[in-house]
Amino acid sequence: MTRTTAGRLADLMESTPSAWSDADAYLADLLVGHDAALEEALAAQREAGMPEIEVAPVAGKLLNLVARISGARRVLEIGTLGGYSTIWLARAVGPDGRVVTIEAEADNAAIARASIDAAGVGDRVDIRVGRGAEVLPTLVGGFDLVFIDADKESNTIYLDWAARLGRPGTVIVLDNIGRDGEIVRDDTTDSKVIGTREGLRMLAEDPRFDATALQTVGLKGWDGFALAVVV
Ligand code: DHB
Ligand code: MG
């Protein structure tokens, strides 16, 4: 495309939420594409009436790539929901790898179990039903990557356990750090935003972590994730 054409196109395009969503869908189409197992997992989740809060397709693929790039073989996920991100992670660890995933709701765990099995990665995935704060102390450590995507109010508890169950070099991904920009509001009363801010502050101040955070704008709206390493 010539600069003139690009410039004219830029004049026509507007930076709006629907343009961001369209661009996200374009990227997902191009780089993720059709994936029957993942689409069936989402259909089962919708059918069961779970909230539509799983990671976006491009974010699921990012998790998969981060796990592969870091050579992760043991992954811990906090917040299974319908198993969408679990499948992405289970694919990354390979046939000898293992994903332990914690889900508070037994009904969600049953749907996730079926979708993960149908995706052909069931033998790599261990679903533990219970609240994170109760399940985490029962786990054996040595995780290479921890994905935290559960109740935001418990983010600092989950980060503490991620450090304890990890080792220097363990990768941590913390979901939902943007929250429509609410994180900058000191006067917020939303417990999810407060929990998100506390998680971010812990990543910044606790010497066990080195972290950054990226905002995302797309199918799930304006949000983001933090990426950290255990020092
Ligand atoms: C919420 C939780 C999530 O994990 C997410 O990705 C989006 C929203 C929520 O509880 O509001
Ligand atoms: Mg999330």
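Order of listing sets the numbers, starting from 1, for every ligand and every atom in it. Computed from a predicted model, the values in this text were never measured in an experiment.
Remark: ligand 1 atoms within the under-4.0 Å shell around heavy atoms of Asn176 are 2 (C), 3 (C), 4 (O), 5 (C), 6 (O), 7 (C). Heavy-atom contacts of Arg179 reach the following atoms of ligand 1: 1 (C), 8 (C), 9 (C), 11 (O) (cutoff under 4.0 Å). For ligand 1, the atoms sitting less than 4.0 Å from at least one non-hydrogen atom of Asp175 are 6 (O), numbered in the order shown with element in parentheses.
Annotation: side chain of Arg128 is in contact with side chain of Val100 (closest heavy-atom distance under 4.5 Å). At a threshold of 4.5 Å between non-hydrogen side-chain atoms, the residues Arg113 and Val125 count as touching.
Judged by distance alone, the side chain of Glu47 and the main-chain N or O of Ala43 form no donor-acceptor pair under 3.5 Å.
At most 12 non-hydrogen atoms from other residues, nucleotides or ligands lie less than 6.0 angstrom from CZ of Arg131. Counting heavy atoms of neighbouring residues, nucleotides and ligands inside a 6.0 Å radius, atom CG of Asp107 does not exceed 12 of them.
The closest side-chain donor-acceptor pair between Glu153 and Ser191 falls under 3.5 angstrom. For the 3.5 Å distance criterion, the side chains of Gln45 and Ser115 fail to qualify, holding no donor opposite an acceptor.
When distances from the Mg ion (ligand 2) to the N, O or S atoms of Asp149 are compared, OD1 comes out shortest. Asp175 contributes OD2 as its N, O or S atom closest to the Mg ion (ligand 2).
Polar contact check, Ala150 against ligand 1: no nitrogen or oxygen pair lies under 3.5 Å apart.
By the 4.0 Å heavy-atom criterion, Lys152 is counted among the residues contacting ligand 1.
When the heavy-atom distances from atom 10 (O) of ligand 1 to Lys192, Glu54, Glu153 are ranked, the shortest goes to Lys192.
Looking only at protein heavy atoms, the nearest one to atom 8 (C) of ligand 1 is Ile53 CG2, 3.7 Å.
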